[in-house]
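Keep in mind that this is a model prediction, so the values were computed, not measured.
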Amino acid sequence: MAGFDTAAELRARLGDPAGAWEFLRRFARAWELGESGDPARSETQLDGALREAYAVGGVLDPGALEVQDNVLVFHYADPMITETMWGIPLDVAGQPDPPVVINTGDGTWQPYLERVSLACVDLALTAVIQDHDERLGNACELPAEMVESAMAAFNRVPLPDLPMWIGVEESPVRWWSGPGQLLRTHGDGGVWLWVSAQTRDDLEAVYAAIPCAEWNT
């Protein structure tokens, strides 16, 4: 059976928030991010869009959810990596699918994505790249002259270019996929490529599609 194709699945559900949340549930099941979230928190402590995100396990930081600088913070990055946090400005928090801002630790909030549902999709994809079975993942650096041909074998996930929240100089972040394969590039010109696969065959297919790559492991 073919693996989960992130780009195709998300493209089919981009039209409204309900579709994005349905994608998130399907993605979380396919990549085994968690069976369910915190029902008590999602039903009694949150209003609006975040309720949907907290109902899915393995996506948002359960220790988040506080107000800072008139922003409702709903997710923190791994503090061993960066002090980055994601939030929703309080003046738009009541919207069905409000915009998201990001603070990379310098005290300044910057726009991130126009819909919190899509920000949660990005965070779910990030969780797979960061925390998935290391035996089914790898990384490499692609020189600028290799990027176009290497990524031609994969479909661009329909999310905009995003800032690299670990270091803005390594932006932009772009997502790619094939059946059973999730890939992230960051950088312009030459890029770092990170890969997670659902099976060993899916990972071997990535290696075959980019035979020129020098993988980390």
Residues which pass side-chain hydrogen bond (donor to acceptor under 3.5 Å, both in side chains) with T108, listed by chain and number, not counting sequence neighbours
none
For Y112, all residues meeting side-chain hydrogen bond (donor to acceptor under 3.5 Å, both in side chains), sequence neighbours excluded:
D122
Can you check whether [X] reaches [Y] side chain to side chain, under 4.5 Å on heavy atoms?
| X | Y | result |
| --- | --- | --- |
| V100 | F74 | yes |
| L33 | V59 | yes |
| C120 | L60 | yes |
| V73 | N103 | no |
| N216 | W192 | yes |
| V173 | P163 | no |
| W175 | P158 | no |
| V121 | F23 | yes |

Heavy-atom donor-acceptor pair, [X] side chain to [Y] backbone, under 3.5 Å:
| X | Y | answer |
| --- | --- | --- |
| S196 | G137 | no |
| D97 | S117 | yes |
| Q181 | D202 | yes |
| D131 | V128 | no |
| H132 | A197 | yes |

What are the two closest heavy atoms between [X] and [Y], and how far apart are they?
| X | Y | answer |
| --- | --- | --- |
| L24 | A124 | CD1-CB, 3.6 Å |
| V116 | I88 | CG2-CD1, 3.9 Å |
| W109 | G87 | CZ3-N, 3.9 Å |
| W86 | A77 | CZ3-N, 3.7 Å |
| P111 | I102 | O-CG2, 4.4 Å |
| R200 | R135 | NH1-O, 3.3 Å |

Carefully, step by step, assess I129 and L182 under the rule side-chain contact (heavy atoms from CB on, under 4.5 Å).
CA-CA 8 Å; I129 289 294; L182 182 65; 4.3 Å; yes
To the nearest 0.5 Å, what is the distance between [atom1] ([X]) and [atom2] ([Y])?
| X | Y | atom1 | atom2 | value |
| --- | --- | --- | --- | --- |
| M164 | H186 | CE | NE2 | 4.0 Å |
| L14 | D16 | CG | CG | 9.5 Å |
| N138 | T217 | CG | OG1 | 3.5 Å |
| W21 | R51 | CH2 | CZ | 12.0 Å |

Given the rule that I, L, V, M, F, W and Y join up when any side-chain heavy atoms are under 4.5 Å apart, are [X] and [Y] in one cluster?
| X | Y | value |
| --- | --- | --- |
| M85 | Y54 | no |
| L118 | V157 | yes |
| L162 | L123 | yes |
| V71 | L113 | no |

Test side-chain contact (heavy atoms from CB on, under 4.5 Å) on F27 and V56; report intermediate values, then the result.
CA-CA 10 Å; F27 181 87; V56 179; over 6 Å; no
Cluster partners of V195, using ILVMFWY side-chain heavy atoms under 4.5 angstrom, listed by chain and number?
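The other cluster members (ILVMFWY side chains, heavy atoms under 4.5 Å, direct or chained) are L142, M146, V147, M151, F154, W176, L183, V191, L193, L203, V206, Y207, I210, W215.
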May I ask you to check whether over 12 heavy atoms, not counting those of E145, lie within 6.0 Å of atom CD?
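Enclosed.
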Contact list for residues 173-188, test salt bridge (charged side-chain N to carboxylate O under 4.0 Å, His left out), sequence neighbours left out
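Sorted result for residues 173-188: D161-R174.
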The complete set of side-chain hydrogen bond (donor to acceptor under 3.5 Å, both in side chains) pairs with one or both residues in residues 72-83, sequence neighbours excluded, reads E66-Y76, Q68-Y76, T82-T84
For residues 2-11, please give each side-chain donor-acceptor pair under 3.5 Å, one per line with the distance, not counting sequence neighbours.
residue	atom	partner	partner atom	Å
D5	OD1	A7	N	3.4
D5	OD1	S177	OG	2.8
E9	OE1	R13	NH1	2.8
E9	OE1	R26	NE	3.0
E9	OE1	R26	NH2	3.2
E9	OE2	R26	NH2	3.1
R11	NH2	R156	O	3.1

